[in-house]
Amino acid sequence: MRDVRVRFAPSPTGALHLGGLRTALFNWLFARRHGGTFIVRIEDTDRARSTDEALDAIVEGLRWAGLEWDEGPYRQTERLELYRRKAGELLDQGRAYWCVCAPDELEARRKAALAKGESVKYDGRCRTRGLTAPAEPAALRFRAPHTGRTVVEDLIKGTIEFDNAVLDDLILLRSNGDPTYHLSVVIDDALMGITHVIRGDDHVNNTPRQLPLFDALGYPAPRFAHLPMILGADKTRLSKRHGAASVLAYRDMGYMPDALVNYLVRLGWSHGDQEMFSIPDMIEKFSLDRVQAAAAVFDPDKLQWLNAEYLKRGDPAHLAARLRPFVEQRGYDRHGPVQPQGGLEAVIPHLRARAKTLVEMADWAMPYLTEPVAMDDAAAATLLTPAMASSLKKFADRVKTADPFSQETIAPVLRALLEEDGLTMGAFAQPLRLALTGKTFSPGIYDVMALLGRERTLGRIAHALRRPVTPG
Ligand code: GLU
């Protein structure tokens, strides 16, 4: 095999979606698997629909997912002269011709053909007119072969044959001189030395149109692999209707990039029954022949399950780095005076058993990261009764001197107090938890105290006791 060169070629007309990220991932994995080159090429020749914001969001999404590229991002709008020059060569060689059919006429003829049940491809009116440098606005069309067959040996779908009679005379240059997708994609795939075009199977019908163009331009064709579509649970193409579709939305909902990438690699590809893949593992095992031809169904529950697994198993320092922006958004100041014992990373082991997303984890982490704690007033009204307040006060007085301030020293004090006041652990733990975290759910009460440390534990109990106490 020649040195592998693959590309991800998004059009910057909107957000990077899960399908796009999966296409990028499969290209990236294929390149990494074979020690090849992964190229990002921005297909922005449709200037009316392309925006810089979309371009930035695509690049940000790829970076967040960790799919670093070796070349690019190239932008097709920086290569327009090249495409025009190549189009000119095709014209000189008789492989392209000028077409002066106006768009509204074309549309009318298309509709008429459709009504008669005839083919809607260009009717070839200008194909034999031999126009040279027409004065009126003219598009340049490819003189596509109309006889014979074009065969695509797809690496995923197998052999696909197309009758050339169905091939349209593609527009190569619009009447304003702008190159079209088909022209620029073929030139770039050839000149960038792309060995394998791995793209969504919405492009499968473009391949027989592009192959004759490679040929006409004198370029060898790359190999093609069309990835199965991603469908929603209702078996229609995945879209916003099925929930968030953009990669950055998943980032903002608190998904770990490794979890999303792990989820996507299994959408259409498998290695036995294995569900969890580290990045090195994916790279080692990835191959196109294990990509299925049938469509894959997106399952948001499975993605969330996988994310929870990554939160449960990940290295706390790595998770803390991902959690940081979420807690900072909620008011945590990493240089401020309020720090959990052991830093942000120390909070993770206490929260990760139940958290499904970093957003949940951040919400639960906030009681350890800011002062004063935000109190659940409704819960305080029922839990902080005068009797409880008095037990809490006793508790605070007695653990003041616990040394070290840990479960071993606090537990005996607490047990003695419960006995003295005739309370169960269950009855006392809730008001204590509320005083310490402002919430009625938290990690184990000893974990909470360990995270807060002596001073903040005592400070919070004192703060809770300063509230007007509910007669109970
Ligand atoms: N720019 C095209 C798209 O975003 C991809 C073209 C290709 O992969 O050949 O759908």
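Source: prediction; values computed, not measured. For ligands, and for the atoms within them, numbers begin at 1 and follow the listed sequence.
Between the side chain of K121 and the backbone N or O of A165, at least one donor-acceptor pair lies under 3.5 Å.
Ring pair F286/W269 is tilted by interplanar angle, where 30° to 60° counts as tilted.
R141 meets the side-chain hydrogen bond (donor to acceptor under 3.5 Å, both in side chains) test with no other residue; sequence neighbours excluded.
For the pair R84 and D178, the salt-bridge criterion is met [side-chain N within less than 4.0 Å of a carboxylate O].
In summary, the side chains of D188 and Y74 do not present any donor paired with an acceptor at a separation below 3.5 Å, with no hydrogens or angles considered.
For the pair R334 and Y332, the cation-pi criterion (under 6.0 Å, within 45° of the ring axis) is not fulfilled.
Among protein residues, R7, A9, P10, S11, E43, Y181, V185, R199, H203 come within 4.0 Å of ligand 1, judged on heavy atoms.
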